Visitor: 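Handing you this structure, nothing more for now.
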Amino acid sequence: MTPDTGQACLNELQIRLLEPPDLGLTWPSGFWSRTEVLWALNHRQQQFLKDTGILAGYALMPAVQGQVTQDLPSDWLDTVAIAFIPTATGSYRPLSPIDGLQADLGLASWPATSGTPLGYILFEGDTLQFKAVPAPDAAGTWEHLYVGQAPDVLADGTPGDLLLVPTEFTPYVLYGTLADLLGKQGRGHDPTRAAHSELRYQEGVTIARLLLYGGD
Amino acid sequence: MPYQQTTLLTLRARLRDRTESVPFWTDTEATSGLNEGLKLWNLFTGQWRTPVSIGTTPASDPYIALPGPLLWPARLLWNGGPLVKTSRSALDQAHPGWQTAAGTPKFWSPVSLGLIALYPRDASGIGVLTADGVADTPVLIADGDYVDLSEAQLQALTGYGLYYLAYKRPGWRAFLPLWQAFLRTAGQQNALFRASSFYRTAMLGDPQQKARPRRQPDPPPSLPQEADDDA
């Protein structure tokens, strides 16, 4: 799975946008700056990883006994699954993704009691934290299956400055980038091409999810 | 027409043959377009496959990272026998505690493109896991580099290349049917993709026409005129 370099990606974008290709160094039309092109490319890569989960990994983190709020991995983008592993038994207990209402209806005393965690709540607290419902009453470990953030591409020729997505999916990240650049309100605004590029990005998300899950 | 080895030089010539105008692209751009078409073709159809032997499997971890050059696994074999493909949620539902169960592997589940789960874990530690899956797409660089594709596939590939090259120019929407033809040809080898909602959306036609419908409906097609024998 050979990835593509940042410079190669910017060069490709220059060709598609009728800018003189020079590995992304200059954008003489003035419609876009190098900084915003880089931002759009990195943003779309993160979005593609999150939308598809094609490079999900796993990490083990210690569980804080008796505490509802627990930490997520520092490079967390999205959760695929969480399991609790009590130290005493070593058996995995998968948690269900729920929200606050489900937790309140299912176990009204969950904020104040401890037990074997049954579910987890995302996005209802601080960033990079989740809530265990209920809090673990024993020492243990969290197994996180999650989508991690990709390091930002700098496109400065540094060795190892690569996109994280496999090269087969790079075209779709580039189409997503084109959708952002051409959708910008300005002299480079091209809503028709932007809409089509967004459709191409969705094509990549569809095929990635078909490969992983067998359905969209 | 049977599969044939077609070089990059021939593919670029076939691109030029598909337009009457002076080519509006450079050889470098044409090569990029063709390589992009090959990548997407491999994604949709799994054209290029390879078996990869992972060797002995660690018994302490339910997850196994797959090595390159595998893009994604289609089939896994344990000591030569096929494993049944399932999903992680199905394992959670049907086999609680599957992560720590040890024995002879019977099931496998994809976790991500390069990560799989085995159930049960290998208890012996001396088994051989073989992954049969899609390999990296060949990249055409030199004029003599070639791919082994049928005529229909070459037609779809050069059509996609032309769509890629036309993206940057005015009137690019006239080349959208070439992209649709590429998807249609790939869909013939991928029933899952053909059944997807995206496929139906992509085949609907030019979105610009849908966004700005004409005020007058298209006239009905005229009926063929019968020859007048008395004339």
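Worth knowing before you read on, the calculation uses all heavy atoms, side chains too, and leaves out hydrogens, waters and symmetry mates. For clarity, every value in this text was computed on a predicted model and none was experimentally measured.
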Visitor: Given that the side chain runs from C-beta out, which part of A:Leu60 has a heavy atom under 4.5 Å from chain B: side chain, backbone, both or neither?
Guide: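 When you check distances to chain B, no heavy atom of A:Leu60 falls under 4.5 Å.
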
Visitor: A:Phe130 and ring-ring contact (aromatic ring centres under 6.0 Å, His included): which partner among A:Trp76, A:Tyr146, A:Trp142?
Guide: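 Going through the options one by one, the only one that passes is A:Trp142.
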
Visitor: Would you mind telling me which of A:Val147, A:Val80, A:Ile54 has the largest number of heavy-atom pairs within less than 4.5 Å of chain B?
Guide: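 Looking at each of A:Val147, A:Val80, A:Ile54 in turn, A:Ile54 comes out on top.
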
Visitor: If I measure from the heavy atoms of chain A, does B:Thr137 come under 4.5 Å with its side chain, its backbone, both, or neither?
Guide: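 Both parts, backbone and side chain.
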
Visitor: Measure distances from B:Arg169 to the heavy atoms of chain A and classify the residue's part below 4.5 Å as side chain, backbone, both or neither.
Guide: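 Contact with chain A involves the backbone of B:Arg169 alone.
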
Visitor: Looking at B:Leu115, B:Leu183, B:Thr100, B:Leu43, which has the largest count of heavy-atom pairs under 4.5 Å with chain A?
Guide: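 Winner by heavy-atom pair count: B:Leu43.
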
Visitor: Considering only heavy atoms, which portion of B:Phe44 lies under 4.5 Å from any heavy atom of chain A: side chain, backbone, both, or neither?
Guide: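 When you check distances to chain A, atoms from both the backbone and side chain of B:Phe44 fall under 4.5 Å.
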
Visitor: Counting C-beta onward and ignoring hydrogens, is there a side-chain heavy-atom pair between A:Pro191 and A:His189 closer than 4.5 Å?
Guide: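 Sidechains of A:His189 and A:Pro191: in contact.
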
Visitor: Side chain, backbone, both or neither: which part of A:Ile207 has an atom under 4.5 Å from a heavy atom of chain B?
Guide: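 Just the side chain, heavy atoms under 4.5 Å.
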
Visitor: Among B:Gln153, B:Arg12, B:Arg18, whose side-chain hydrogen bond (donor to acceptor under 3.5 Å, both in side chains) with B:Thr158 holds?
Guide: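 Testing each of B:Gln153, B:Arg12, B:Arg18 against B:Thr158, the sole residue satisfying side-chain hydrogen bond (donor to acceptor under 3.5 Å, both in side chains) is B:Arg18.
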
Visitor: I'd like to know if A:Glu19 and B:Lys168 make a salt bridge, using a cut-off of under 4.0 Å between side-chain N and carboxylate O.
Guide: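 Salt bridge flag = no for B:Lys168 with A:Glu19.
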
Visitor: Could you tell me which of A:Gln202, A:Glu203, A:Glu143 has the largest number of non-hydrogen atom pairs under 4.5 Å with chain B?
Guide: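 The candidate making the most pairs under 4.5 Å is A:Glu203.
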
Visitor: Relative to chain A, which segment of B:Asn35 carries a heavy atom at a distance below 4.5 Å: side chain, backbone, both, or neither?
Guide: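 B:Asn35 has no heavy atom closer than 4.5 Å to chain A.
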
Visitor: Any side-chain donor-acceptor pair under 3.5 Å between B:Arg88 and B:Tyr63?
Guide: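 Side chains of B:Arg88 and B:Tyr63: no pair found under 3.5 Å.
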
Visitor: Once the angle between the rings of B:Phe182 and B:Tyr160 is folded into 0 to 90°, is it parallel (under 30°), tilted (30 to 60°) or perpendicular (over 60°)?
Guide: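 Tilted: the ring planes of B:Phe182 and B:Tyr160 meet at 30° to 60°.
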
Visitor: Tell me, out of B:Tyr164, B:Trp25, B:Trp98, B:Tyr199, who's got the most heavy-atom pairs with chain A below 4.5 Å.
Guide: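 Option with the greatest count: B:Tyr164.
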
Visitor: More than 12 non-hydrogen atoms from neighbouring residues, nucleotides or ligands closer than 6.0 Å to CZ on B:Phe175, yes or no?
Guide: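 For B:Phe175, atom CZ is crowded (more than 12 foreign heavy atoms under 6.0 Å).
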
Visitor: Does A:Thr87 reach the main-chain N or O of A:Ala139 with its side chain, forming a donor-acceptor pair under 3.5 Å?
Guide: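 Judged by distance alone, yes, a pair lies under 3.5 Å.
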
Visitor: Could you tell me which portion of A:Arg193 (side chain, backbone, both or neither) has an atom closer than 4.5 angstrom to a non-hydrogen atom of chain B?
Guide: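 Contact with chain B involves both backbone and side-chain atoms of A:Arg193.
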
Visitor: Taking all non-hydrogen atoms of both residues into account, name the closest pair between B:Gly103 and B:Pro120 and its distance.
Guide: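 Shortest heavy-atom separation between B:Gly103 and B:Pro120 comes out as N-CB, 3.7 Å.
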
Visitor: Heavy-atom distances under 4.5 Å only: say whether A:Leu145 touches chain B with side chain, backbone, both or neither.
Guide: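 A:Leu145 touches chain B through side-chain heavy atoms alone.
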
Visitor: Under a 4.5 Å heavy-atom cut-off, does chain B meet the side chain of A:Leu18, its backbone, both or neither?
Guide: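 Interface part for A:Leu18: side chain.
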
